Amino acid sequence: MSFPPIHLHDTRRRAVVPFEPLEPGKVGIYSCGPTVYAPQTLGNMRSQLMPDLLRRVLLAAGYDVTYVTNITDVGHLTSDADAGDDKVEAAAARAGQTVAEITGHFTEQWATDRRRLGCLEPDIRPAASEHIAEQIAMVQTLEAQGHTYVIDDGVYFDVSTFPRYAEFAGLDLDELEATGRIDNLEAKRHPADFALWKLSPPGVTRLQEWDSPWGRGFPGWHIECSAMATRYLGDRFDIHTGGVDHIRVHHTNEVAQSECALGVHPWVSIWMHNEFLDLSGRKMSKSAGDVLVVDTLVDAGIEPLAFRYFFLQAHYRQQQEFTIDGVRAAGVALRRLVGHAVAARDEVGGRVDGGDPARTEPFREAFWAALADDLDAPKALAVASTVARSADLTAADRWSLLADFDRALAFGLADATGVDAAEVGGDDVGPEAQALLDERNAARAAKDWGRADELRDQLVAMGFDVVDTPEGPKLRRR
Ligand SMILES: [Zn+2]
C-alpha cells in the first residue's frame with residue numbers, strides 16, 4: 001500500500017490543505033507544552049493526544065519527524081493582558097515551595113500522564129527558563145527593527161508595526177481598542193501590544209529573574225515558544241499545534257514576533273488547533289479541589305488508555321462532551337478490541353505478515369486514508385473495530401491489520417495480555433448464542449463430539465469464537 005496523501009486543517013488558511021513538508025521526507029512539529037504550576041487536566045491532555053496522533057500518522061507515512069514540546073516554567077501570567085502574577089511564582093508562594101519543587105512536580109505528572117495515555121516521548125523537551133539567552137536575542141532583533149517600545153514594566157511589541165497582525169485569528173483590532181482591558185498597563189500604546197520582556201519591579205527580587213539589556217526581569221510567555229521553536233526547528237517549520245484557546249492571543253503573538261524577527265512568511269506552514277473537552281458545567285478550574293486528571297479515571301476504576309480510545313471517538317476539531325460514563329464505555333470498547341486482537345495475535349504466534357492482501361488491503365487503505373484526511377480518528381476506529389470482529393477475515397488477516405493500525409491507535413496490542421473471555425463476551429452474547437453454547441456444553445458432557453463441533457460451527461457462523469477458560473467454555477464476539 002502506498003500511503004494516502006495527507007491533508008490537514010490549517011487555522012491560518014481556514015481550510016483543509018495538502019501537507020507539503022518544507023524538506024522532503026522530514027517534518028518538524030512544535031506543540032505548546034504545559035505551564036507547570038498545576039496538574040495537567042484531561043482537557044489539557046487532549047492537546048497532547050492530538051499531536052501524538054498526528055505524529056504517529058506522519059511516522060506511519062514514512063516521515064522523519066522531529067517533535068518538540070516545551071515546558072513553560074516562567075513568564076506565563078495569570079492574565080493574557082500581561083497583568084497579574086507569574087503562574088509558577090504564585091503557585092510556589094502559595095505552596096511554600098521552591099520554584100524547582102513546583103515545576104519538577106508538575107512536569108513529572110504531565111510526563112507520566114502522557115505515557116499512561118500512550119503518547120510517544122517528545123524528541124526535544126526544552127524548558128523556557130533554560131532558553132533565556134535565545135529569547136533575549138530575539139527581543140534584541142525586534143528592537144533593532146523598530147518593533148518594540150519600553151515602558152515602566154517591560155519591553156512591548158508594537159502591533160502597529162506588523163500590518164498582518166489581525167489576519168491570523170481574524171481579529172477586529174478597532175473593537176479590541178474600544179473594549180480591550182488594559183488593566184494597569186495604560187502605558188501600552190494599543191491593548192493588543194504584548195510583553196516581550198517584563199522588568200522586575202524596583203526593590204523586588206523575584207524567585208526567577210535574569211539580567212537583560214533592559215534590566216533584571218523575565219521573558220514574556222509568547223516569546224518563549226518563538227525562541228524555542230526556532231532554536232530546534234529552524235526559521236521556518238512545518239506544523240505548530242495547540243488548543244483553540246491559544247489562537248487569538250498566544251499564537252497570534254507568536255506569529256507576529258517570529259515573522260518580524262526572522263523575516264519569514266509564513267513562519268509555520270500549518271497551524272493545527274484542537275477543540276475543547278466540553279465539561280458541561282463540570283468545573284475543571286485548576287484552583288478547584290476536584291481537578292479532573294488521569295488519576296480521577298483510575299480512581300473510578302477506569303484504565304488510562306480508555307481516555308485515549310475516548311479521544312479517538314471524536315474528531316479533534318469537534319468539542320467532545322466529557323462524562324465519566326462516556327470514558328467508561330470507551331474502556332469497555334477498548335477491552336473488547338484488545339481481546340479480539342490478542343486472540344488473533346496469539347492464534348498466529350504474533351506473525352504480522354500472514355494475512356491475505358486480497359482481503360486485508362481494502363481495510364488497510366480505508367484506515368490510513370481516514371487518518372490522512374485531517375486525522376479522522378472516529379472513521380479509522382470504526383475500521384479497526386470492524387476488522388476486529390469480522391468473521392470474513394482469518395486470524396492472520398486480523399492480526400496483520402490490527403498490529404499495523406496500532407502504530408496510530410497506540411493501545412499496546414503487541415504486548416497486551418489475554419483478556420478473560422467473559423469480560424470480552426460480557427452479558428451481551430444474546431440468548432440464542434448462549435443457548436447454543438449451553439447445548440454444546442451438554443453435548444460435550446455427553447461426549448457427543450460430532451454434535452459439539454456442529455454447534456461450535458454454528459456459533460462461529462454467528463460471529464463468536466468459543467474460548468476455553470478456567471470457568472469453562474465462553475463466547476467471544478469477533
Ligand atoms: Zn506556545
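Worth saying up front: this structure is predicted, and the values here are computed from it rather than measured. Just the heavy atoms: all of them, side chains too, but no hydrogens, waters or symmetry mates, feed the values below. Note that ligands are numbered from 1 as they come in the structure, with each ligand's atoms numbered from 1 the same way.
For the Zn ion (ligand 1), the count of nearby protein N/O/S atoms, taking only those under 2.8 Å, is 4.
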Determine, step by step, whether Thr241 and Ser31 satisfy the side-chain hydrogen bond (donor to acceptor under 3.5 Å, both in side chains) criterion, reporting the C-alpha distance in whole Å, the side-chain angles of both residues, the deciding distance to 0.1 Å, and the verdict. CA-CA 5 Å; Thr241 80; Ser31 299; 2.7 Å; yes
Could you give me the CA-CA distance, side-chain angles and deciding distance for Asn253 and Tyr165, then say whether side-chain hydrogen bond (donor to acceptor under 3.5 Å, both in side chains) is met? CA-CA 8 Å; Asn253 293 349; Tyr165 183 80; 2.4 Å; yes
Evaluate His265 against Glu259 for side-chain hydrogen bond (donor to acceptor under 3.5 Å, both in side chains), listing each step before the verdict. CA-CA 6 Å; His265 177 70; Glu259 297 203 347; 2.8 Å; yes
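Between Phe367 and Phe405, the two ring planes are parallel [angle under 30°; tilted spans 30° to 60°].
Checked options Thr148, Thr141, Leu196; the residue passing with Gln257 is Leu196 (criterion: side-chain contact (heavy atoms from CB on, under 4.5 Å)).
A cation-pi arrangement is found for Arg189 relative to Tyr149, the charged atom lying closer than 6.0 Å to the ring centre and inside a 45° cone about the ring normal.
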